[in-house]
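For reference, positions follow the sequence shown, starting with 1. Note: hydrogens, waters and symmetry copies are ignored here, and every other heavy atom, side chains too, is used.
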Amino acid sequence: MRKAVSCLIVIFGASGDLTERKLIPAIYDLFLQCMLPPEFGVLGVGRSPMTDESFRQKMEGSLSHAKLVANTSPEKAKEFLAKLYYTAIDTTLADDYANLKTRCNELHEELGTNGNVIYYLATPPILYPVVAQNLQTQEMNHETDGKFVRLIVEKPFGTNLDTALALNKTLLSIFNENQIYRIDHYLGKETVQNLVVTRFSNGIFEPLWNRNYIHHVEITSSESIGVENRGGYYDKSGAMRDMVQNHLLQICGLVAMEPPGTFEADSIRNETLKVFQSLRPLSDEDIEKNVIRGQYTASKIRGECLLGYRDEPSVSPESRTETFAAMKFYIDNWRWGGVPFYIRSGKRLPTRVTEVVIHFKQTPHKLFSYLDGTSDNHNQLIIRIQPDEGILLKYGMKVPGAGYNVQTVNMDFHYSELSGVHLPEAYERLLLDCTNGDATLYARGDAVEACWKFINPVLEAWKHNPELKVYGYPAGSWGPENSDELIDDAPGWRYPCKNLADDGLYCEL
């Protein structure tokens, strides 16, 4: 990885959970790897009254979340904490930004950052346009004299197509597109990036990566936890907005994209945009038949009684918000014509897993029988994003002895087998890329809008058509049984376990 460029990182919402759990630990990991220059600093901004010293004391506990913290000394932590600063303002008041501008200028001078600044919006989404507009009033959005000014925006990028369009319009009236970094932490995961490498660095895969050899593609992201203490937020969001519209469609874009001309940000993002623009629009009939939503119900797992979604704190007892979403769709282009894509995501499923499964077509003539008594076998390539990150290939081999019975076997690689290699956290990689002006792993505005355009009809149908069902599923199961009906011309969903090479069972983990 390239070393970061000198800059000041200004975090709005610095007293919040994201800063403490993810951002400061990620920056600390970069610091411990000597990826940050001496000329850098972090300025926390929030409403909570704190001094530089009290902010440092608050963040000291967050350093334990860093991956490399076990190999550090107290002196290193002290050296890093000295780079943290804090300014209290009301982010909704334009006049307070004059004080922020003064503090930023003082720190640029003190740290020698050459005026380079990254504004990180770790605030509620409703404040994104407010902060941007207030930065503009103090002319803190301009790039001059060779310095850069960049804005990192956390998801959600709107709550539907109209709000996404409005947010993009506002941000682009203040910043240029090349200044805006819409962060999707899934794209920062090492195994998501490995999707591109697996496809385009191996001659054995790319010739097969099309409608001629692939039967269908399956993308799963499951969580074993419920909504925890986020019931108030989640009840206004749901699985479709929270996971499918952003994370999983972005992964789909990398799976389905054409080879880029060069490995540069614009080239790669141009190709993923073409995928989103090729998504076949969902008709009312498609939404009724090919989109399933569910809600987890009360269940008992390992002796623990788990609440149903509607019984969770801050959730309406009559809520129709989905905690599970599954859908079947098509990409109408030359490479993928007729190949179904399946996506599912949910809470209170048996285990926490995110993976992509490429199901290859069967051999044209079935010569052998399998040990399970069938003659069907779909070779599978599984790219595991989390946990137990790695790649698994399933293929048939002869069972020793008389006859020609075939058994499916595994060929697998696990990142954990690489000794002495640091697997960076998503925020670690993405923050470093932003300092270097590399937007490859960030979502572009037109791609965000294209994803919303595809998903918006589903949200509108769910909102206005009470006849569309919300299916219940017991906490700890793989979602509503109706989701199995989506895959109608092949073996059903793959049922993964926590460990990559263990699968095929309805197991509690």
Side-chain angles (χ1 to χ4, degrees), residues 18 21-22 26 122 125 152-161 164 167 181-196 217-225 227 230 233-234 236-257 268-269 272-273 275-276 279 291 293 321-327 329 331 341-349 351-357 382-387 389 424-430 433 439-456 458-459 479 496:
L18 177 64
R21 286 191 309 107
K22 295 294 184 181
I152 299 181
V153 185
E154 270 283 346
K155 81 172 188 73
F157 316 117
T159 57
N160 55 29
L161 178 59
L167 177 59
Y181 290 68
R182 299 169 189 81
I183 194 167
D184 185 332
H185 70 271
Y186 262 60
L187 297 185
K189 294 180 183 294
E190 194 72 22
T191 35
V192 172
Q193 300 160 42
N194 197 42
L195 270 170
V196 181
V217 177
E218 174 189 338
I219 303 174
T220 290
S221 181
S222 67
E223 295 181 274
S224 58
I225 61 172
V227 295
R230 299 169 67 234
Y233 159 77
Y234 197 88
K236 299 174 183 176
S237 175
M240 189 64 75
R241 287 186 174 95
D242 192 47
M243 290 296 298
V244 176
Q245 181 275 330
N246 40 68
H247 300 325
L248 300 190
L249 283 184
Q250 290 293 336
I251 292 174
C252 178
L254 296 177
V255 172
M257 66 185 279
I268 292 172
R269 297 201 294 178
T272 55
L273 173 63
V275 173
F276 304 142
L279 292 170
V291 183
R293 60 175 168 167
T321 299
E322 76 286 356
T323 62
F324 176 94
M327 62 190 306
F329 61 92
I331 299 171
F341 281 69
Y342 300 91
I343 280 179
R344 64 175 170 172
S345 179
K347 291 187 176 294
R348 285 289 184 218
L349 302 184
T351 190
R352 172 179 169 265
V353 161
T354 302
E355 66 180 21
V356 176
V357 186
I382 297 106
I383 302 172
R384 175 64 70 86
I385 294 169
Q386 65 181 15
E389 295 87 348
E425 289 287 350
Y427 282 99
E428 180 185 338
R429 170 64 189 273
L430 292 169
D433 283 356
T440 303
L441 301 176
Y442 286 85
R444 203 165 64 189
D446 48 7
V448 170
E449 292 174 3
C451 290
W452 272 120
K453 185 178 180 181
F454 175 64
I455 292 296
N456 210 62
V458 178
L459 300 177

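Put simply, the side chain of S222 gets close to the backbone of T351: a donor and an acceptor are under 3.5 Å apart. At least one donor-acceptor pair under 3.5 Å links the side chain of R348 to the backbone N or O of S224. With D242 contributing its side chain and Y234 its backbone, the two residues share no donor-acceptor pair below 3.5 Å. A donor-acceptor distance shorter than 3.5 angstrom exists from the side chain of W452 to the backbone of F157, with no hydrogens or angles considered. Y442 places a side-chain N or O within donor-acceptor distance of the main-chain N or O of L430, the cut-off being under 3.5 Å. Remark: side-chain polar atoms of N456 are paired, donor with acceptor, to backbone N or O of L161 under 3.5 angstrom.
Surrounding NZ of K453 are at most 12 heavy atoms belonging to other residues, nucleotides or ligands under 6.0 Å away.
A search for side-chain hydrogen bond (donor to acceptor under 3.5 Å, both in side chains) contacts involving R269 returns nothing, not counting sequence neighbours. By the ring-ring contact (aromatic ring centres under 6.0 Å, His included) test, F341 pairs with F329, W336, sequence neighbours left out. The side-chain hydrogen bond (donor to acceptor under 3.5 Å, both in side chains) search around E154 returns Y120, Y427, not counting sequence neighbours.
Between R384 and E355 there is a salt bridge, with a side-chain nitrogen of the basic residue lying less than 4.0 Å from a carboxylate oxygen of the acidic one.
Considering OG1 of T220 and CD1 of I343, their distance stands at 9.5 Å, rounded to 0.5 Å. Interatomic distance, M243 CE to R344 CZ, rounded to the nearest 0.5 Å: 13.0 Å. Remark: L441 CG to Q250 CD distance equals 10.5 Å, nearest 0.5 Å. We find the CD1-OH distance between I152 and Y181 to be 8.5 Å, quoted to the nearest 0.5 Å. Between the CG atom of N246 and the CG atom of D184 there is a distance of 5.5 Å, given to the nearest 0.5 Å.
A239 and S345 get closest at one heavy-atom pair: CB-O, 4.2 Å. Of all heavy-atom pairs spanning C252 and I331, the tightest one is SG-CD1, 4.1 Å. Shown here for M240 and E322, the closest heavy-atom pair between the two residues is N-OE2, 2.9 Å. The two residues G479 and L349 have their closest heavy-atom pair at N-CD2, 3.7 Å. Scanning both residues, S237 and T321, for their nearest heavy atoms gives C-CG2, 4.4 Å. Here the shortest heavy-atom pairing between Q386 and R352 reads OE1-NH2, 3.1 Å.
Between K155 and I183 there is no side-chain heavy-atom pair separated by less than 4.5 Å. Using a 4.5 Å heavy-atom threshold, the side chains of V356 and I251 count as touching.
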Chi angles and distances behind the side-chain contact (heavy atoms from CB on, under 4.5 Å) call for L254, V192
CA-CA 8 Å; L254 296 177; V192 172; 3.5 Å; yes
**Study point:** Residues I385, N194; criterion side-chain contact (heavy atoms from CB on, under 4.5 Å); working and verdict
**Key:** CA-CA 9 Å; I385 294 169; N194 197 42; over 6 Å; no
- prompt: What's the verdict on side-chain contact (heavy atoms from CB on, under 4.5 Å) for H185 and E425, showing C-alpha distance, side-chain angles and the deciding distance?
  reply: CA-CA 9 Å; H185 70 271; E425 289 287 350; over 6 Å; no
Exercise for review: Check the pair V244 / I455 against side-chain contact (heavy atoms from CB on, under 4.5 Å), numbers first and verdict last.
Suggested key: CA-CA 9 Å; V244 176; I455 292 296; 4.2 Å; yes
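Of the listed residues (I268, L273, L195), just one forms a side chain to side chain contact (heavy atoms under 4.5 Å, CB included) with M257, and that residue is I268.
Side-chain contact, S221 with Y186: a donor N or O sits under 3.5 Å from an acceptor N or O.
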